[in-house]
S.K.: 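Here it is, the structure, as structure tokens.
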Amino acid sequence: MTARRRLLRAAALLGFLGLWQLLTALKVEAWVRFDHLPTVLQVADALRTQLGTAVYWQDLAESLRRICTGFALAALLGVGAGVLTARSRTAADLIGPVLELIRPIPAIALVPVAIMLFPENEQGIVFITCAAAFFPITVATRHAVRAVPPRWEEAVRTMGGGTGRVLFGVVLPGALPGVVGGLSVGLGVSWICVISAEMVSGQYGVGYRTWSAYTVLDYPGVFVGMATIGLLGWATSGAVELLGRRLTRWLPAPVPAGVGA
Amino acid sequence: MSLRLTARGLSVGHPGRPVLRDVELDVAPGEVLTVLGPSGCGKSTLLRALAGLLPPTGGELLAGGRPLTGPGADRALVFQEDGLLPWRTVRRNVELPLAIAGLKRAERRAPVADWLGRVGLDGHGERLPRELSGGQRQRVQLARALAGAPRAVLMDEPFGALDPQTRAAMQRLLLAVWEKERCTVVFVTHDVDEALLLGDRVAVLAGGTLAALHEVPGPRDPAADRSALRALLLTQYT
């Protein structure tokens, strides 16, 4: 990235924080009211304090562990279901209708189901995180697998390649660019759901801590939680994007924005 | 070593709506058969059927006298374009048939280097297909098809997307390679001159049937006069 673009990005973030500080420090009331919101400096203070506590890091590790487990499971199951439904008509007929029926249900609405299904809260939260990411990954994989040019498969089959070779040597790598898109979307939904699930039924975790800060009217604490969620989400989706770019280096280089028409 | 390919009353397509009808064809071992015809005449369908990718809906297909049951490493397919796996480097594309055949990494190195040299791509092994020109990509496809030592090579307008000079160079390369390998070649094209330049025989497909089959006088002999057949093909072809 060029220095100019880095500078622009930093300026955008600083501008956002500056505006927030201004609106809250001046307690602006113009239909929307900023007088109850903590200022950036108050939040920064609260964050500094919390960074020194073991509880903060425990919550962070707990949320990360949940999302990593749930998301990894969703990636495996989602790619598997996507490939299966795209490649086999029988599989599409067998699991397609059930998936389409469950898909519109928001994952967070599965909390009661999770509580009844699993002996421990913990497993329920991971289940909800997994369910949230599963559908975008499945749908993206299904479309990506269908879009793989048949000629790559034909080439491998006329070299004597069997089903396994076609699957792991053609279908999966060929669908990867689309799958990465699904993983990216899935991760975002996973974060929303892990935090919501923690708020509803957790005993640890960033979501739980954010909600309990709200219940004791610790508003800077609420914002520390929100900032933590934002940063964690940004870091993990950055990691997925980076991994995706590494794995799909063979794609034609995109035309940089601003070049050409 | 090279393969005889036989079609007896071959029909391919949807039942009741065949793309190919009642095709009788016998490709001798080591022969170069060029298949000529306009778009939509069933050329590619014939090739895919010979490759084993499309099952016959009528009649039968034989490879080496035995019924052809599906695709296999003895019949390699070369596409017009984009047949290479874009995430594999040139070297890894060419070694693919060897890897599928179960050769170890060390055993693949020498034949792959040999084939890259023969198609004039020394030093391009670590490039990705998108970093090559169209002509270079077709060289890689040719090397990849032949690296697996197939007994027949099925080519679907392999030089159709190339400019005339590159196309002429590729035709020379194909003939040079074929001189040594002597595998059976079925070469689909819509270019009458290309069909005459390369083939022992020219099959003309029209409307899903085999319209004519011609012996080429003095196959691949630059001195031979093929003007009479050329004139005939130009009338049959249109």
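Labels below follow one simple rule: chain letters A, B, ... track the order of the sequence lines, proteins then strands, and each chain is numbered from 1.
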S.K.: Does any pair with a residue in residues 172-188 of chain B pass side-chain hydrogen bond (donor to acceptor under 3.5 Å, both in side chains), and if so which ones, sequence neighbours excluded?
M.R.: Arg118(B)-Glu181(B), Glu179(B)-Arg182(B)

S.K.: Look at Arg88(B), Arg48(B), Glu131(B) and state which one has the largest set of heavy-atom pairs under 4.5 Å with chain A.
M.R.: Arg48(B)

S.K.: Return the NZ to OG1 distance between Lys43(B) and Thr34(B), rounded to the nearest 0.5 Å.
M.R.: 11.5 Å

S.K.: Looking at every non-hydrogen atom in both residues, tell me the closest pair between Leu61(B) and Pro56(B) and how far apart they are.
M.R.: CD1-CG, 4.1 Å

S.K.: Of Arg8(B), Arg4(B), Arg201(B), which is the lone residue that meets salt bridge (charged side-chain N to carboxylate O under 4.0 Å, His left out) with Asp26(B)?
M.R.: Arg4(B)

S.K.: Looking only at heavy atoms, which two atoms of Leu98(B) and Ala147(B) are closest? And how far apart?
M.R.: CD2-O, 3.4 Å

S.K.: Among the options Val78(B), Leu77(B), Leu154(B), Asp74(B), pick out the one with the most heavy-atom pairs lying under 4.5 Å from chain A.
M.R.: Leu77(B)

S.K.: Can you pull out the residues in residues 72-101 of chain A with any heavy atom less than 4.5 Å from chain B?
M.R.: none

S.K.: Does any heavy atom of chain A fall under 4.5 Å from the side chain of Arg75(B), the backbone, both, or neither of them?
M.R.: backbone

S.K.: side-chain hydrogen bond (donor to acceptor under 3.5 Å, both in side chains): which pairs involve residues 99-114 of chain B, sequence neighbours left out?
M.R.: Glu95(B)-Arg108(B)

S.K.: Under 6.0 Å between ring centres, would you say that holds for Phe159(B) and Phe187(B)?
M.R.: yes

S.K.: Where along residues 161-186 of chain A does a heavy atom come under 4.5 Å of chain B, listed by residue number?
M.R.: Gly161(A), Arg165(A), Gly169(A), Val170(A), Pro173(A), Gly174(A)

S.K.: Less than 4.5 Å apart, side chain to side chain, heavy atoms only: is that true for Met170(B) and Leu162(B)?
M.R.: yes

S.K.: Any idea how Trp250(A) and Trp152(A) line up, ring-wise: parallel (<30°), tilted (30 to 60°), or perpendicular (>60°)?
M.R.: perpendicular

S.K.: Report which part of Ala99(B) has an atom under 4.5 Å of a heavy atom belonging to chain A: side chain, backbone, both, or neither.
M.R.: both

S.K.: State the CZ-CG distance between Arg91(B) and Leu121(B), to the nearest 0.5 angstrom.
M.R.: 14.0 Å

S.K.: So do the side chains of His190(B) and Pro38(B) get within less than 4.5 Å of each other, counting heavy atoms only?
M.R.: no

S.K.: Do the non-hydrogen side-chain atoms of Cys183(B) and Leu146(B) ever get within less than 4.5 Å of each other?
M.R.: yes

S.K.: Looking at chain A, which one of Gly72(B), Pro86(B), Pro97(B) has the largest number of heavy-atom pairs inside 4.5 Å, strictly under?
M.R.: Pro86(B)

